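Working notes for the structure below.
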Amino acid sequence: MPETLLLRNALAVATMDDAGREIAGGGVLVRGNAIAAVGSAAELPATADAVIDLAGHVVLPGLVNTHHHFFQTLTRAFPGAQDAELFAWLARLYPVWSGITPEMVRVSALTAMAELLASGCTTSSDHLYLYPNGARLDDAIAAAREIGMRFHACRGAMTLGASQGGLPPDALVERDAAVLADMQRVVETFHDAARHAMLRVALAPCSPFTVSDDLMRETARMARHYGVRLHTHLAENDDDVAYTRAHHGCTPAEYCERLGWLGDDVWHAHCVKLDGPGIGRFAATGTGVAHCPTSNMRLASGIAPVRRMLDAGVRVGLGVDGAASNDSGGMLAEARQAMLLARVGFGPAAMSAREALRLATRGGAAVLGRDDIGALAPGMAADIVAFDVSAIEHAGALADPVAALAFCSPRRASLVVVNGRVVVRGGEFTRFDAAAHAARHNALARQLAAAAR
């Protein structure tokens, strides 16, 4: 028999299942890497191979991050890029990132994943779109396996340098043929389509202003041949939209449709400036959106029309986005920002606390094409997180402890279970030395910055 884990006596279990059940005093029984049962104390066994009491905690499915750039943890709050909009911010950081090494990719990925796990995130995508000095997607994949996070690795690319009308410097771009060959390699080597898979691969040319039309078309063909998903940036700010109009003669949504980049196997990051017809096309085709509220505020990109997207039937998840355009990687904090920013733009009814938490769980799972994560129900992956709401940060908010997770100050997760394995307990990692790792990360960040001077 597989080993069993019983999580019991929670203040509330927010299942995020189809019925939206919330169980006071409930718990979760895990068998192996899957959930065996969810219910009240009377509905669950009293014993298991391991038992964790969660009195004073709210239990959720593991949060799902649909857009990130792990390598950017090396350049958080970087001088000269702190007060810039998207294109100027990129122009400042491209030369710095050209010094990234394979070790930097692995170490920065570990940093980003540790921060995400501590915030209650158990599944993350990562969009690695530059590969200088021998760096490969394999380096980030090795980090995910080391720390034990469920991972959607996106093989990104930039192939359109400044001399060809693109934004990145020529020295930082690849050739289309080389990109396609490596995309094929990583899919064939790493992608796991099985239920409860810990590692999947997506194909992800960076953006309309960094890759050729040919690469977009060929990537779509390859992804559909192998049955993997497609991801890119789209309609992030006014400059992004203006570039698409000037160079492609159409709107961002029309650009996607022209190149085969709409469908239920595609998700786009940001979509801050997606227009009404674009929202309609996304809804009709099942195309997903990674909403990144903090990054959009940090770069002054605008407020994405998430309420309109949801009302139209667009699949929406949350993303913390690049750690140099957010400077943090907390998923619970991102859910709170999504709720608050929607209200700033569209009124107090634009997003409720539970809607924000659902975007961070079920919404993200749908965007990544997963029906085995994002909810607590029998047969789902055993990705479970718990937040202690008995401390001062939540005092006075326990009349609705689930909503309190979004309304009150975000806290570190007390318990994080990924694929049935406890990776955080009592707010501390069980198999990762965060302090020692941070020291190595900071040394590499200093080395990267020094090389760019």
Side-chain angles (χ1 to χ4, degrees), residues 11-22 57-68 116 118-125 267 269-272 288-298 302-321 326 328-368 373-376 383-387 389 393-394 397-413:
L11 180 64
V13 177
T15 65
M16 299 294 164
D17 65 9
D18 291 341
R21 287 191 308 154
E22 295 179 6
H57 289 69
V58 175
V59 176
L60 293 172
L63 308 182
V64 180
N65 178 34
T66 62
H67 185 65
H68 208 328
L116 287 165
S119 76
C121 178
T122 56
T123 299
S124 184
S125 67
W267 85 104
H270 300 291
C271 297
V272 175
V289 171
H291 174 43
C292 307
T294 302
S295 175
N296 296 341
M297 288 187 283
R298 161 77 152 79
I303 303 174
V306 173
R307 181 74 269 159
R308 290 174 60 199
M309 294 179 190
L310 293 172
D311 290 346
V314 176
R315 288 188 285 187
V316 180
L318 297 182
V320 301
D321 197 22
N326 181 332
S328 64
M331 270 298 294
L332 190 59
E334 207 64 35
R336 184 173 190 262
Q337 292 284 49
M339 178 186 72
L340 297 179
L341 187 60
R343 294 176 177 213
V344 168
F346 305 103
M351 188 175 295
S352 71
R354 283 172 173 78
E355 283 180 308
L357 294 173
R358 198 168 183 86
L359 290 183
T361 51
R362 286 295 290 273
V367 164
L368 294 182
I373 61 174
L376 302 178
D383 292 0
I384 308 160
V385 298
F387 295 90
V389 294
E393 292 87 350
H394 294 90
L398 299 190
D400 190 345
V402 175
L405 291 180
F407 276 110
C408 300
S409 298
R411 300 197 66 203
R412 286 174 64 107

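Just so you know, these numbers use all the heavy atoms, side chains as well, and skip hydrogens, waters and symmetry mates. The structure presented is a predicted model; accordingly, all values stated were derived computationally and were not measured. Counting begins at 1 with the first residue of the sequence.
Between the side chain of N326 and the main chain of T294, no donor-acceptor pair closer than 3.5 Å is present. Looking at R343, its side chain does come within 3.5 Å of a backbone N or O of M351 through a donor-acceptor pair. Side-chain atoms of H291 do not come within 3.5 Å of backbone N or O of L318 as any donor-acceptor pair.
The closest side-chain heavy-atom distance from F346 to I303 is below 4.5 Å. Using a 4.5 Å cut-off on side-chain heavy atoms (C-beta onward), M339 and S352 make no contact.
Annotation: the span from L405 atom CG to H394 atom NE2 amounts to 5.5 Å, rounded to 0.5 Å. Note that CG of L332 and CD of Q337 are 11.0 Å apart. Values are rounded to the nearest 0.5 Å. We find the SG-CG distance between C271 and N296 to be 10.0 Å, quoted to the nearest 0.5 Å. Between the OG1 atom of T123 and the CG atom of D383 there is a distance of 5.0 Å, given to the nearest 0.5 Å. Note that CZ of R298 is 10.5 Å distant from CG of D321, once rounded to the nearest 0.5 Å.
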Start with the C-alpha distance between E334 and N65, add both sets of side-chain angles, then the distance that settles side-chain contact (heavy atoms from CB on, under 4.5 Å), and finish with yes or no. CA-CA 10 Å; E334 207 64 35; N65 178 34; over 6 Å; no
Pair T15-V59, side-chain contact (heavy atoms from CB on, under 4.5 Å): steps then yes or no: CA-CA 8 Å; T15 65; V59 176; over 6 Å; no
Steps toward side-chain contact (heavy atoms from CB on, under 4.5 Å) verdict (H67, S295): CA-CA 11 Å; H67 185 65; S295 175; over 6 Å; no
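The shortest heavy-atom contact between S119 and L63 is O-CD1, 3.8 Å. Here the closest non-hydrogen pair linking M16 and L60 is CE-CD2, 4.1 Å. Residues R411 and F387 come closest through the heavy atom pair O-CE2, 3.5 Å. The nearest pair of heavy atoms linking G302 to V272 is C-CG1, 3.6 Å. Between C408 and R336, the shortest heavy-atom distance links the atoms O-NE, 3.4 Å. Taking all atoms of both residues into account, the shortest heavy-atom contact from P401 to V389 is CB-CG2, 4.5 Å.
For the side chain to side chain contact (heavy atoms under 4.5 Å, CB included) with V64, the qualifying choice from T122, I373, T361 is I373, the only one to do so.
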